[in-house]
Amino acid sequence: MIADPAVFDDEHLPRRLLHREAAVDYLSRAWEPALDGDQAHDVLIHGPSGVGKTSLARFTLQKLTTHADIYSAHVESLGKTTAGVVRSVLHDLPGSDPATNTPREDLCIELRERVDQPTIVILDEADDLPATDILDRLADVEGLSIVAICHDHEQWLSQLDNQLRRRLLLKELALDRFGVNELADILEARARRGLPSGVVTREQLETIADEVAGVARKGIQSLRQASLLAEERDHSEIGADDVADSYERAQRYILEQNLGSLPFHHQLLYELIRVGGGLKAGELHDRYEAVADDVYRGRGLTPISERSRRLKLSKLEDYELIEVEGKNRHREYIPSYACVKTSIEVNQII
DNA sequence: ATTCCACGGGAATCGGTGGCAA
DNA sequence: TTGCCACCGATTCCCGTGGAAT
């Protein structure tokens, strides 16, 4: 049933960014100086997950770079160190990658040398970045401007000192969830390009938009799952049952992508929490130690310390795979969505 | 008031990799 | 080509913190 699967990819950029015209405009104006070879303004884009912050930045950038000589870099910041961010920027700029053991200082020097025309760096998922350090170094680079994307702008700004804020010329741009009609418009446009005509009604799209509370990523994935379900069930068009069952599959799909991108240690911890149906910290560590020898055997990996496990756990939380409740010794790790599984077998061992 | 427990920041350490000189 | 060294990211070690339990 799906004519063009790419339309439903997270990375897919539509021809027009519906209902974000004002934001595109704002961002374009902030970047206008770059058209004349000057340094653009820095922008902080903030708002909830899945409302199109990254799409907005990429879309507007694409528009800009088609008629101007501008370098750009897109950095997936989550978990990166300062050196990692600089390295990632260099990777996106013309030229070859520096050696993996190049000193941080040398990376920054190389960055200053390579930026010889206006450059826009998108720092995606910038919430947990060592922001002061990174911005300090990026702000040092003549011609380079930053677009930081984060969820909580107040928290993000609070870590910057006044001096840095002045150097950054920071503009702010808030994105919110879409209204039901707005998101339905967006889904309609995707359906037009990705699905045969007439397989889904406007009413169904509004139902989806309402259910996902204006979060575009969830809406688009739900539409995709609804069409997959219709296909599996041999429906000639999407039915009410397909729509009804699509949300859970979409949510699961999103989380499975997240989980699959994580290394083994994370997945094992997740699986223990999932199988346990939520665990107190102490119990989680006990179970980990109980299964570790068996589970790690033959994988060329060794079990990790409690401290490292805590680092992995906070990453699982970042990825919305688990939730943490309670404080201190009452802290409990809860699987956000227990139907999202790993391929690791821990059932029999416990 | 004291103990318990877990968190999470920071410094030290480990293992792997590329550059470089012999 | 080989052996050494600097460096990185990942991990561990150490410890201060703070709320609940006793």
Side-chain angles (χ1 to χ4, degrees), chain A residues 73 75-93 95-114 123-138 150-152 155-156 158-161 258-270 272-273 276-293 295-336:
Chain A
V75 182
E76 295 292 348
S77 315
L78 195 63
K80 281 206 169 67
T81 60
T82 304
V85 170
V86 176
R87 196 178 291 284
S88 169
V89 173
L90 285 170
H91 176 81
D92 286 2
L93 260 37
S96 53
D97 285 354
T100 58
N101 58 351
T102 309
R104 187 168 52 212
E105 282 309 319
D106 293 4
L107 291 173
C108 293
I109 292 167
E110 183 163 353
L111 182 63
R112 280 197 289 271
E113 283 168 358
R114 281 221 226 149
L123 295 177
D124 212 341
E125 302 285 331
D127 288 271
D128 297 318
L129 231 39
T132 312
D133 192 34
I134 287 174
L135 297 178
D136 204 37
R137 287 166 191 281
L138 294 183
C150 73
H151 297 129
D152 184 349
Q155 195 211 335
W156 197 82
S158 69
Q159 52 185 330
L160 307 183
D161 59 36
N258 291 349
L259 184 59
S261 70
L262 291 170
F264 181 75
H265 304 304
H266 299 78
Q267 298 202 24
L268 173 56
L269 286 163
Y270 173 82
L272 288 169
I273 293 165
L279 292 175
K280 294 257 167 95
E283 195 174 357
L284 173 59
H285 290 303
D286 289 347
R287 293 201 184 188
Y288 181 89
E289 271 146 39
V291 302
D293 283 349
V295 175
Y296 277 92
R297 203 193 331 276
R299 286 184 194 265
L301 290 168
T302 45
I304 53 175
S305 69
E306 278 196 37
R307 179 69 186 93
S308 300
R309 284 173 232 159
R310 287 200 289 275
L311 293 171
K312 313 297 179 204
L313 288 165
S314 61
K315 189 114 176 179
L316 289 174
E317 199 186 350
D318 288 343
Y319 276 67
E320 292 175 15
L321 286 158
I322 60 170
E323 281 156 36
V324 178
E325 284 178 8
K327 296 197 159 188
N328 294 313
R329 82 172 84 168
H330 299 285
R331 176 174 275 237
E332 189 169 357
Y333 297 103
I334 320 272
S336 319

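Note on naming: letters A, B, ... go to the chains in the order of the sequence lines (proteins, then strands), and numbering restarts at 1 for each one. Heavy atoms only: backbone and side chains are in, while hydrogens, waters and symmetry mates are out.
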Without decimals, in angstroms, what is the distance between [X] [atom1] and [N] [atom2]?
| X | N | atom1 | atom2 | result |
| --- | --- | --- | --- | --- |
| A/Glu332 | C/dG19 | CD | P | 20 Å |
| A/Asn101 | B/dG15 | CG | C1' | 13 Å |
| A/Arg87 | C/dC7 | CZ | P | 12 Å |
| A/Phe264 | C/dT11 | CZ | P | 13 Å |
| A/Leu107 | C/dA6 | CG | P | 18 Å |
| A/Ile109 | C/dC7 | CD1 | C1' | 15 Å |
| A/Asp106 | B/dG19 | CG | C1' | 12 Å |

Ignoring hydrogens and angles, tell me if any N or O in the side chain of A/Gln267 forms a donor-acceptor pair with the backbone of A/Leu259 under 3.5 Å. yes
Checking A/Arg309 side chain against A/Ile304 main chain: does a donor-acceptor pair fall under 3.5 Å?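 Present.
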Nearest 0.5 Å, what's the NE2-CG distance between A/His285 and A/Leu269?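 The CG atom of A/Leu269 is 8.0 Å from NE2 of A/His285, to the nearest 0.5 Å.
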Electrostatic pair A/Arg137:A/Glu105 at N-O distance under 4.0 angstrom: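 Looking at A/Glu105 together with A/Arg137, the answer is yes, because their closest N to O distance falls below 4.0 Å.
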Can a salt bridge be assigned to the pair A/Glu125 and A/Lys80 using a cut-off of 4.0 Å between side-chain N and carboxylate O? no
Taking all non-hydrogen atoms of both residues into account, name the closest pair between A/Arg87 and A/Ala99 and its distance.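 Of all heavy-atom pairs spanning A/Arg87 and A/Ala99, the closest is NH1-O, 3.0 Å.
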Can you sort out which residues in residues 323-331 of chain A have a heavy atom within less than 4.0 Å of DNA chain C? Ascending by number, please. A/Asn328, A/Arg329, A/His330
Heavy-atom contacts under 4.0 Å between residues 304-321 of chain A and DNA chain C, which residues? A/Ile304, A/Ser305, A/Arg307, A/Ser308, A/Leu311, A/Lys312
What nucleotide, of B/dC7, C/dC7, C/dG9, holds the atom closest to the side chain of A/Pro103? C/dC7
Look at [X] and [N] and indicate whether a side-chain polar atom (N or O) is within less than 4.0 Å of OP1 or OP2.
| X | N | result |
| --- | --- | --- |
| A/Tyr333 | B/dC7 | yes |
| A/His265 | C/dT11 | yes |
| A/Thr81 | C/dG9 | yes |

Would you sort out whether A/Tyr288 and A/His265 count as a ring-ring contact (aromatic ring centres under 6.0 Å, His included), showing the intermediate values? CA-CA 10 Å; A/Tyr288 181 89; A/His265 304 304; 7.9 Å; no
Just wondering, more than 12 heavy atoms not from A/Glu320 lying within 6.0 Å of its CD? no
Answer yes or no: does atom NE2 of A/His91 have more than 12 heavy-atom neighbours from other residues, nucleotides or ligands under 6.0 Å?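 Incorrect, the count does not exceed 12.
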